Chemist: 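First the structure, which I've put down as structure tokens, then a few questions once you've had a look.
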Number of protein chains: 2
Amino acid sequence: MLKRLSKDIKKINIKRKSTIKDIANVLNISPAAVSKALHDDSRISEKTKKAVKQVAKNLNYQPNHLASALRKGKSNLVGVIVPRTNSHFFSSVIQNMEEVLNKKGYNIIMTHSNESYKKECDSIDTLLFTQVDGIIASMANETIDLEHYNKIKSKGIPLILFDRGENDLNVDYIGIDDYKSSHIIVKHLVEQGCKRIAHISGYKHTRIFNNRIRGYIDALKQHDLPLEEELLIESSLTIEDGRKKMLQLLSLKNRPDAVYVAGDYAALGALQVLKEQNIKIPNDIALVGFGNEPFTALVTPSITSINQHSEQIGKLAAKTFLEHAKTDTVKQTLNKKILDAELIIRDSSRLKS
Amino acid sequence: MLKRLSKDIKKINIKRKSTIKDIANVLNISPAAVSKALHDDSRISEKTKKAVKQVAKNLNYQPNHLASALRKGKSNLVGVIVPRTNSHFFSSVIQNMEEVLNKKGYNIIMTHSNESYKKECDSIDTLLFTQVDGIIASMANETIDLEHYNKIKSKGIPLILFDRGENDLNVDYIGIDDYKSSHIIVKHLVEQGCKRIAHISGYKHTRIFNNRIRGYIDALKQHDLPLEEELLIESSLTIEDGRKKMLQLLSLKNRPDAVYVAGDYAALGALQVLKEQNIKIPNDIALVGFGNEPFTALVTPSITSINQHSEQIGKLAAKTFLEHAKTDTVKQTLNKKILDAELIIRDSSRLKS
DNA sequence: ATGTTTTGCTTAAACGTTTAAGCAATCGGT
DNA sequence: ACCGATTGCTTAAACGTTTAAGCAAAACAT
């Protein structure tokens with residue numbers, strides 16, 4: 001008995017993949033009818049639908065995605081390009097996009113540019129080749145030229161940018177209000193009693209970092225603090241560069257009493273230097289990072305940082321794509337969705353007593 | 001002049017995607033000849049090949065991946081399932097797999113189970129539906145039942161497991177030598193002068209954690225240390241559980257002088273507790289983690305950990321798939337590739353002076 | 001009873017590619 | 001000059017699905 005059962009199972013397994021035609025043959029109806037029954041077409045009787053679904057189950061029918069994609073002219077795949085996957089921000093964005101897109105029958109093909117312009121171009125080629133229905137991307141640090149993105153637009157498939165985007169491309173963009181974030185940070189530091197606030201910033205040519213710089217400058221003005229050139233330093237925002245730029249700040253004859261770093265990794269480097277030099281945080285120098293990477297809560301002292309709402313960004317990006325997918329008129333026009341960032345206050349900048 | 005140029009570009013852009021037929025029409029040859037020319041078939045003259053490739057370029061021809069996949073019965077997509085994407089280990093594995101697979105014309109579809117059995121099943125369905133040519137996976141913590149993996153095998157597509165795998169499945173497996181890793185750790189701690197070595201372990205039902213436990217027990221024996229039940233604690237290995245289990249160890253009347261934690265996140269939780277209670281690390285209690293997550297080097301004190309060679313695992317997994325892909329005889333048989341792990345010694349366990 | 005609408009299907013073409021089979025022209029050898 | 005092999009292509013079918021068009025039967029209205 002048991003033996004026969006396992007034999008039957010084997011027979012089913014060995015049998016090649018069953019198709020719509022197989023179902024049609026069993027029921028003596030046309031493949032077209034089967035297709036319609038499976039899609040609950042109104043012109044198919046309930047009786048037939050039930051029968052078709054039952055047979056489909058019995059034959060362990062799995063629709064061939066390639067065939068339907070080819071016929072319908074869409075693959076139900078969305079390409080995602082991120083600079084890195086190993087940052088919490090990007091992996092969280094992807095997870096949330098996936099959640100929204102999966103529900104609507106879309107799958108994600110993920111690629112990463114590794115912050116390289118060349119790899120970003122390759123990624124785009126790969127995704128277009130795979131016939132994705134849309135691309136959601138965040139630009140590499142290196143990227144200045146935008147010709148490769150125009151390739152996407154000219155194919156007529158929707159392009160959505162997040163976090164690192166460019167206004168010039170005239171496409172949907174989702175991100176946080178970097179300008180305002182700087183204001184929130186400066187305000188917080190001023191409230192803690194800081195008077196000489198330094199800014200280790202990202203590269204000016206990237207819009208988001210530029211916005212943070214502008215925000216920093218304007219916020220200083222607003223609080224009647226002078227802008228001192230020696231306190232504003234551009235950085236690649238790696239850990240190592242964070243260390244370097246912090247050392248540079250410490251070598252000033254007139255040291256800052258607070259440092260706002262435009263990225264958490266660089267902030268961590270700065271923190272290490274401060275600890276090594278036995279500088280009291282936040283009493284001697286307060287520290288604020290950007291991005292709310294998980295480790296900011298884990299190091300000692302924990303680092304105040306800006307939550308970029310990766311969940312919302314991921315979900316919004318996905319939803320924006322879905323809107324395009326519904327109305328396949330690709331009216332690409334600049335459509336920014338800007339979220340308010342949130343300051344997570346931790347020990348590195350908590351009120352001096 | 002400039003105007004006419006931009007108009008021409010527009011014309012090309014607007015034109016619908018060009019196909020093999022379009023090229024055929026231009027050259028007055030058959031689509032079949034074009035296809036063969038593009039694939040450098042030996043039965044096509046060099047002259048025709050050159051002409052075809054030139055026209056293809058002019059028309060900005062991009063092969064339709066769906067059509068060729070349908071016809072050839074393979075999608076050139078590889079599905080990857082990981083428990084999480086936000087750990088350095090998994091994201092590094094994926095990046096390295098991608099590198100190897102891209103070179104051979106394969107793309108990756110990435111999914112994550114979020115450590116959930118249910119999501120793992122869904123992921124498999126999704127990937128099978130997308131007609132992937134193979135699946136590379138690491139199991140969720142929750143997974144005990146393996147029926148869903150048999151589904152992959154019964155479809156006849158190659159399955160390769162890494163890190164979290166099960167021998168029972170009889171498929172390729174790539175991982176590190178967990179048993180030996182425990183030996184290396186215990187030996188190291190003994191050399192630092194530790195005599196009461198505790199182990200906060202993962203769940204016994206997961207083979208890799210079971211191997212670490214067996215290694216821990218055998219290594220103690222080898223160094224003539226008694227195995228004390230109260231020093232061996234199973235854990236989910238989250239930060240929170242690491243804290244909890246560390247507190248449990250501290251509440252013992254006879255505290256350990258070293259703690260080997262089977263995961264870095266839990267080790268971090270343990271570290272926090274030790275610091276909060278002003279216990280000197282490593283002098284009072286030495287600490288060792290597992291996985292070499294980047295933050296182990298960043299916290300204070302830095303945490304000694306085991307490097308799992310994510311790069312090699314990723315590359316090996318990819319190469320193993322490629323071997324299967326070449327010889328499409330899917331002779332699935334248990335084929336383990338076990339790498340030696342490497343102990344990265346840091347401050348949390350460095351020689352007591 | 002007759003015409004109209006609705007229901008429930010079928011037929012056939014299409015998506016863009018690959019490939020087995022086949023055929024004419026050319027070439028090499030005798 | 002003739003045979004066989006080689007070259008360089010063509011024809012046509014196939015992959016599995018979807019969908020526009022169409023047709024017969026049933027249901028309804030008058």
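The chains referred to below are lettered A, B, ... by the order of the sequence lines, with proteins before strands, and numbering in each begins at 1. If you're wondering where the values come from, they're calculated on a predicted model, not measured in any experiment. The figures that follow rest on heavy atoms only: side chains count, while hydrogens, waters and symmetry mates do not.
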Chemist: Using whole Å, report how far CG of A/Asn25 lies from C1' of C/dT10.
Modeler: 14 Å
Chemist: Taking only residues two or more places apart in sequence, or in another chain, which ones meet A/Phe90 in a ring-ring contact (aromatic ring centres under 6.0 Å, His included)?
Modeler: none
Chemist: The helix from C/dA1-D/dT30 to C/dT30-D/dA1: angle between its terminal axes, five pairs each, to 10°?
Modeler: 40°
Chemist: Mark up nucleotides 16-22 of chain D, 5' to 3', with B wherever a protein heavy atom is under 4.0 angstrom from a base atom, S wherever such an atom reaches only the sugar-phosphate, and - elsewhere.
Modeler: BBBBBB-
Chemist: How long is the line joining CG of A/Asp41 and P of C/dT6, in whole Å?
Modeler: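 One finds 16 Å between P of C/dT6 and CG of A/Asp41, rounded.
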Chemist: If the threshold is 4.0 Å, N to carboxylate O, is there a salt bridge linking B/Asp125 and B/Lys151?
Modeler: yes
Chemist: If every non-hydrogen atom of A/Val78 is compared with every non-hydrogen atom of A/Val132, which pair is closest and at what distance?
Modeler: C-CG1, 4.2 Å
Chemist: For a quick test of reading the model: is some side-chain N or O of B/Ser45 closer than 4.0 Å to OP1 or OP2 of D/dC9?
Modeler: yes
Chemist: Enumerate the salt bridge (Lys or Arg N to Asp or Glu O under 4.0 Å) contacts for residues 56-70 of chain A, please, sequence neighbours excluded, ordered by first and then second residue.
Modeler: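 Of all non-adjacent pairs touching residues 56-70 of chain A, none passes salt bridge (Lys or Arg N to Asp or Glu O under 4.0 Å).
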Chemist: Using a 3.5 Å distance criterion without hydrogens, assess whether the side chain of A/Asp163 forms a donor-acceptor pair with backbone atoms of A/Gly175.
Modeler: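 Not a single qualifying donor-acceptor pair exists.
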Chemist: A/Phe129: what forms a side-chain contact (heavy atoms from CB on, under 4.5 Å) with it, not counting sequence neighbours?
Modeler: B/Pro63, B/His65
Chemist: So does B/Lys49 pair up with B/Glu46, basic N to acidic O under 4.0 Å?
Modeler: yes
Chemist: Tell me every residue that passes ring-ring contact (aromatic ring centres under 6.0 Å, His included) with A/Tyr106, counting only those two or more places apart in sequence or in another chain.
Modeler: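 By the ring-ring contact (aromatic ring centres under 6.0 Å, His included) rule, A/Tyr106 matches A/Phe321.
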